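Values in this document were obtained by computation on a predicted structure and should not be read as measured data.
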Amino acid sequence: AHLQRNVRIQHLAARSHRRWVAGRGDRFVGSELIGFYGELLDRVPPERDPYLASVAESDRRWVRIGLEFHRSRARAEPRGR
């Protein structure tokens, strides 16, 4: 099942890219992607995440630091990029 899911994701990624190049698709980037990451972090904080819960607390803080870094970069980027 894992292999089938990976093949499907790869197939959809190629189709999505072709639609975007043709001007008929969107990319999940910028503020929309950062908003998704923020919502994900709110719903599943690092200390409750199945993987990250086993990571040292001092290292889990990098999740929030990384999100704040990307938020600040997105605010600094000119529109249309």
**Message:** Looking at every non-hydrogen atom in both residues, tell me the closest pair between L67 and G38 and how far apart they are.
**Reply:** CD2-CA, 3.7 Å
**Asked** Are L52 and V44 connected in a single hydrophobic cluster, I mean Ile/Leu/Val/Met/Phe/Trp/Tyr linked by side-chain heavy atoms less than 4.5 Å apart?
**Response** no
**Item:** Transitive ILVMFWY side-chain link F69 to V63, under 4.5 Å
**Value:** no
**CZ/R64: more than 12 non-hydrogen atoms of other groups inside 6.0 Å** = yes
**Asked** Do you reckon I34 sits in the same ILVMFWY cluster as L40, going by side-chain contacts under 4.5 Å, direct or chained?
**Response** yes
